[in-house]
Trainee: 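The structure under discussion is supplied below as structure tokens; questions concerning it will follow.
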Amino acid sequence: MSQTKTLKVRVTLFCILAGIVLAMTAVVTDHWAVLSPHMEHHNTTCEAAHFGLWRICTKRIPMDDSKTCGPITLPGEKNCSYFRHFNPGESSEIFEFTTQKEYSISAAAIAIFSLGFVILGSLCVLLSFGKKRDYLLRPASMFYTFAGLCILVSVEVMRQSVKRMIDSEDTVWIEYYYSWSFACACAAFVLLFLSGLALLLFSLPRMPRNPWESCMDAEPEH
């Protein structure tokens, strides 16, 4: 591989590493969406919530003069619990009542698939550091691309889950916004998907320079 291609591959791998860090951050944190309930004028406190792939956290915070709940960063009594379908010993009636268990399980499972593709791609990259193993960068690029697509699907499943939760008449939540974990997942998709495609292009063999030159006749790259 030429020095120019080597530099491009290294820059691409750095972008992939940033995407991996963002993906792992999104998977393990619980700030994908923040929910606010309907406000009663006589209430002095409100219970906002934020959740991720694995658990939901509720926080009782004081209401201000505008009778709005939040922001979630205000101090207050906080209670976090894992979703019941992931840990039967925990109590999470709010989530079980206000959203669909299938959405939560699907989003979490797809995110785990994404991390699995990341691990496979990283193994291929590590093995490619050996002599004359540059061809392993090609399957690595595909694994990273698949990881980015899985993150995108997980993001969409979570978005649909929040939308159906807000639209449901059985819920107390009327307002929502996506938080920094959701942003990390979106950024991870962009980095992994685009960098995976770029790595595939950079790892392909050099195309013949002349019409009569075949790939086998081309000079080997060093």
Side-chain angles (χ1 to χ4, degrees), residues 1-32 52-54 86 103-161 178-222:
M1 186 178 293
S2 64
Q3 292 183 352
T4 303
K5 273 194 172 183
T6 300
L7 178 60
K8 291 179 180 179
V9 167
R10 289 178 179 177
V11 172
T12 304
L13 290 177
F14 178 80
C15 294
I16 289 175
L17 178 61
I20 293 174
V21 173
L22 289 172
M24 295 186 66
T25 301
V27 170
V28 301
T29 54
D30 46 29
H31 285 77
W32 283 64
L53 297 175
W54 312 104
F86 292 128
Y103 276 80
S104 175
I105 294 177
S106 299
I110 296 170
I112 292 299
F113 278 126
S114 175
L115 295 184
F117 284 129
V118 164
I119 293 174
L120 293 174
S122 300
L123 289 175
C124 290
V125 168
L126 292 176
L127 292 175
S128 71
F129 291 155
K131 189 176 181 180
K132 296 181 179 179
R133 290 181 179 176
D134 294 340
Y135 61 89
L136 289 176
L137 292 177
R138 296 163 207 165
S141 66
M142 298 306 298
F143 286 134
Y144 289 132
T145 303
F146 293 152
L149 290 175
C150 286
I151 288 292
L152 176 63
V153 175
S154 183
V155 165
E156 178 60 21
V157 171
M158 182 63 72
R159 194 181 69 84
Q160 292 296 327
S161 175
Y178 299 109
S179 192
W180 56 269
S181 297
F182 188 88
C184 286
C186 294
F189 155 69
V190 173
L191 288 174
L192 289 174
F193 183 76
L194 296 182
S195 298
L197 293 179
L199 183 61
L200 177 61
L201 294 177
F202 296 150
S203 61
L204 290 175
R206 181 178 64 82
M207 297 299 293
R209 294 196 183 104
N210 302 311
W212 56 84
E213 180 186 27
S214 67
C215 293
M216 298 299 296
D217 295 332
E219 295 180 0
E221 296 182 352
H222 300 286

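Hydrogens, waters and symmetry mates are skipped; everything else that's a heavy atom, side chains included, is used. From a predicted model like this one, the values you see are computed outputs, not experimental measurements.
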Trainee: Taking atom CG of Leu136 and atom CG of Leu126, what is their separation to the nearest 0.5 Å?
Mentor: 10.5 Å

Trainee: For residues 146-161, which residue pairs qualify under salt bridge (Lys or Arg N to Asp or Glu O under 4.0 Å), counting only residues two or more places apart or in two chains?
Mentor: Glu156-Arg159

Trainee: Enumerate the residue pairs fulfilling side-chain hydrogen bond (donor to acceptor under 3.5 Å, both in side chains) with a member in residues 12-24, sequence neighbours excluded, ordered by first and then second residue.
Mentor: none

Trainee: Can Lys8 and Leu199 be said to form a side chain to side chain contact (heavy atoms under 4.5 Å, CB included), step by step?
Mentor: CA-CA 8 Å; Lys8 291 179 180 179; Leu199 183 61; over 6 Å; no

Trainee: Quick one: closest heavy-atom pair of Ala147 and Ser114, and the distance?
Mentor: O-OG, 2.9 Å

Trainee: Phe143: what forms a ring-ring contact (aromatic ring centres under 6.0 Å, His included) with it, not counting sequence neighbours?
Mentor: none

Trainee: Considering all heavy atoms of both residues, which atom of Ala185 and which atom of Trp32 are nearest to each other, and what is their separation?
Mentor: CB-CH2, 3.7 Å

Trainee: Taking only residues two or more places apart in sequence or in another chain, which ones pass side chain to side chain contact (heavy atoms under 4.5 Å, CB included) with Tyr135?
Mentor: Arg133, Arg138

Trainee: Considering only heavy atoms from C-beta outward, does the side chain of Leu149 approach that of Phe193 to under 4.5 Å?
Mentor: yes

Trainee: Using the test side chain to side chain contact (heavy atoms under 4.5 Å, CB included), find all partners of Ile110 that sit at least two apart in sequence or belong to another chain.
Mentor: Cys150, Val153, Ser154, Val157

Trainee: Is any side-chain heavy atom of Leu191 closer than 4.5 Å to one of Ile16?
Mentor: no

Trainee: Taking atom CG of Asp30 and atom OG of Ser179, what is their separation to the nearest 0.5 Å?
Mentor: 9.5 Å

Trainee: How many angstroms lie between CG in Leu197 and OG in Ser141, if you round to the nearest 0.5 Å?
Mentor: 8.0 Å

Trainee: Could you tell me which non-hydrogen atom of Tyr144 sits nearest to which non-hydrogen atom of Val118, and how far apart they are?
Mentor: CE2-O, 3.8 Å

Trainee: Please identify each residue that fulfils side chain to side chain donor-acceptor pair (under 3.5 Å) with Thr145, with sequence neighbours left out.
Mentor: none

Trainee: Under the ring-ring contact (aromatic ring centres under 6.0 Å, His included) rule, collect the residues that match up with Phe182, sequence neighbours excluded.
Mentor: Tyr178

Trainee: May I ask you to check whether over 12 heavy atoms, not counting those of Phe117, lie within 6.0 Å of atom CZ?
Mentor: yes

Trainee: Return the CZ to OG1 distance between Phe202 and Thr6, rounded to the nearest 0.5 Å.
Mentor: 11.5 Å

Trainee: As an exercise, state the distance from OG of Ser122 to CG of Leu127, rounded to the nearest 0.5 Å.
Mentor: 11.0 Å

Trainee: For residues 19-29, which side-chain donor-acceptor pairs fall under 3.5 Å, sequence neighbours excluded?
Mentor:
residue, atom, partner, partner atom, Å
Thr25, OG1, Val21, O, 2.8
Thr29, OG1, Thr25, O, 2.6
Thr29, OG1, Ser181, OG, 2.6

